[in-house]
Amino acid sequence: MEKLIGLLSDMAMLWGEHWSRYLTGICNTLILAVTATFIGCIIGFACGILNTIPCSKTDSPLKRFVLSLTRGIIKIYVEIFRGTPMVLQAVFIFYGLPYFTDSSVSFSGLGGIWKVSILVVSINTGAYMAESVRGGIISIDPGQTEGSMAIGMSHLQTMLYVVLPQAVRNIVPQIGNNFIINLKDTSVMFIIGFTEFFAVHKSIAGATFQYFPSAALEMIGYLCMTLAASFLLRLLERKLDGSSSYELAKIDPLTMTCGTYSHPNKDRIFKERSKEYSQKEQ
């Protein structure tokens with residue numbers, strides 16, 4: 001108990017002296033995670049849609065070549081950025097590009113660090129989202145696509161108005177999962193000098209030699225951010241699910257509800273009758 005009280009006392013002392021730096025790190029982490037997740041989702045949706053464009057032997061050779069080349073590039077991109085650690089991606093882009101280009105491409109100053117951080121986390125998120133979007137699209141019943149094509153809709157119209165609105169609901173949990181991962185994985189950006197939550201912890205712990213109390217504050221901060229993100233994502237999922245009960249429309253004259261159709265004249269070729277109509281006749 002004494003050790004716990006001592007730990008809480010050290011944590012309170014650190015927060016009291018350095019709360020502004022901790023909050024700056026939290027804000028930078030949130031900004032980076034939200035921005036990179038948004039951009040990554042755009043990349044993922046673009047890659048997912050391109051991967052699901054139909055292509056058959058009857059199409060022109062040019063279309064088949066372009067689609068094959070595009071899908072090959074997307075596959076290489078996905079495999080590389082899913083198969084390598086984010087920290088090494090940040091090192092390669094931040095230090096490697098200036099090295100291979102003789103400093104013609106460089107990222108100096110705070111603006112350069114922000115650009116590289118957003119770029120690395122975005123393309124990493126996009127690589128994971130590409131496969132999630134592709135899976136969400138192919139999970140939709142093919143009859144939906146066939147029906148939209150039958151009424152003359154193009155592939156782009158089918159994606160925008162029929163498939164994607166349904167696929168998004170299936171993809172939302174994965175988007176939330178990637179966002180929560182980004183909240184934590186942005187901590188590797190300290191390797192290029194980005195001042196996020198983990199970098200603030202290392203700086204304060206190195207100056208005060210209170211490593212464990214600062215790490216405990218760090219853990220609580222990350223836990224609060226992820227719990228808040230999970231709560232907001234659950235609200236979004238419930239919003240997308242809509243109402244739990246629906247009333248069948250009966251006002252529209254074009255609406256044909258179950259059991260209401262009957263043909264009063266049995267001498268005609270239509271012999272359909274509802275049970276209610278038969279009981280009234282008897």
Side-chain angles (χ1 to χ4, degrees), residues 14-15 18-47 74 77-78 80-130 132-133 174-207 214-215 217-230 232-233:
L14 284 175
W15 180 259
H18 305 284
W19 63 269
S20 60
R21 296 178 63 186
Y22 281 118
L23 287 181
T24 300
I26 290 173
C27 289
N28 288 344
T29 295
L30 288 172
I31 292 171
L32 176 58
V34 171
T35 306
T37 302
F38 177 75
I39 298 174
C41 285
I42 294 175
I43 297 173
F45 272 92
C47 293
I74 291 173
Y77 155 66
V78 170
I80 289 176
F81 284 95
R82 284 199 313 175
T84 55
M86 191 188 295
V87 62
L88 295 182
Q89 296 166 15
V91 169
F92 183 85
I93 293 176
F94 189 77
Y95 298 108
L97 288 183
Y99 174 79
F100 285 110
T101 60
D102 294 326
S103 297
S104 60
V105 176
S106 61
F107 307 97
S108 58
L110 184 60
I113 293 174
W114 269 96
K115 289 176 184 176
V116 173
S117 299
I118 292 174
L119 176 64
V120 170
V121 182
S122 297
I123 58 181
N124 191 276
T125 304
Y128 285 94
M129 284 303 303
S132 299
V133 172
Q174 185 59 34
I175 294 175
N177 190 44
N178 283 328
F179 175 65
I180 291 173
I181 290 173
N182 286 342
L183 281 173
K184 297 176 293 182
D185 283 359
T186 50
S187 60
V188 303
M189 291 299 112
F190 83 92
I191 198 71
I192 61 172
F194 185 75
T195 310
E196 42 71 52
F197 197 23
F198 185 75
V200 170
H201 149 66
K202 286 182 66 67
S203 175
I204 294 174
S214 181
L217 281 173
E218 188 87 0
M219 184 179 66
I220 293 172
Y222 277 117
L223 183 61
C224 289
M225 285 191 287
T226 54
L227 288 177
S230 298
L232 293 175
L233 288 166

Rounded distance (nearest 0.5 Å) linking atom [atom1] of [X] with atom [atom2] of [Y]:
X      : Y      : atom1 : atom2 : value
Asn28  : Ile113 : CG    : CD1   : 11.0 Å
Leu183 : Ile26  : CG    : CD1   : 11.0 Å
Asp185 : Met86  : CG    : CE    : 5.0 Å
Trp15  : Ser214 : CH2   : OG    : 11.0 Å
Cys224 : Met219 : SG    : CE    : 10.5 Å
Thr195 : Phe190 : OG1   : CZ    : 12.0 Å

Val200/Thr24 under side-chain contact (heavy atoms from CB on, under 4.5 Å): CA gap, chis, key distance, verdict: CA-CA 8 Å; Val200 170; Thr24 300; 5.6 Å; no
Using every non-hydrogen atom in the two residues, find where [X] and [Y] come nearest and quote the distance to one decimal.
X      : Y      : value
Ile192 : Ser117 : CD1-OG, 3.6 Å
Arg82  : Tyr128 : O-OH, 3.6 Å
Thr101 : Leu97  : OG1-O, 2.5 Å
Ala90  : Val116 : O-CG1, 4.4 Å

Polar side-chain atom of Ser122 near backbone of Leu119 as donor-acceptor pair, under 3.5 Å: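 A pair under 3.5 Å: no.
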Side-chain donor or acceptor of Tyr77 paired with backbone N/O of Ala127 under 3.5 Å: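 It does hold such a pair.
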Any heavy-atom pair between the side chains of [Y] and [X] that's under 4.5 Å?
X      : Y      : result
Met189 : Leu32  : yes
Phe197 : Thr186 : no
Thr29  : Phe198 : no
Ile42  : Phe38  : yes
Ser187 : Glu218 : no
Leu217 : His201 : no
Val133 : Cys47  : no
Cys41  : Ile175 : yes

Residue among Thr37, Asn178, Asn182 satisfying side-chain hydrogen bond (donor to acceptor under 3.5 Å, both in side chains) with Thr125: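 Considering Thr37, Asn178, Asn182, a side-chain hydrogen bond (donor to acceptor under 3.5 Å, both in side chains) with Thr125 is found only for Asn182.
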Sub-6.0 Å ring centroid separation between Tyr99 and Tyr95: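 For Tyr99 and Tyr95, the ring centres are not under 6.0 Å apart.
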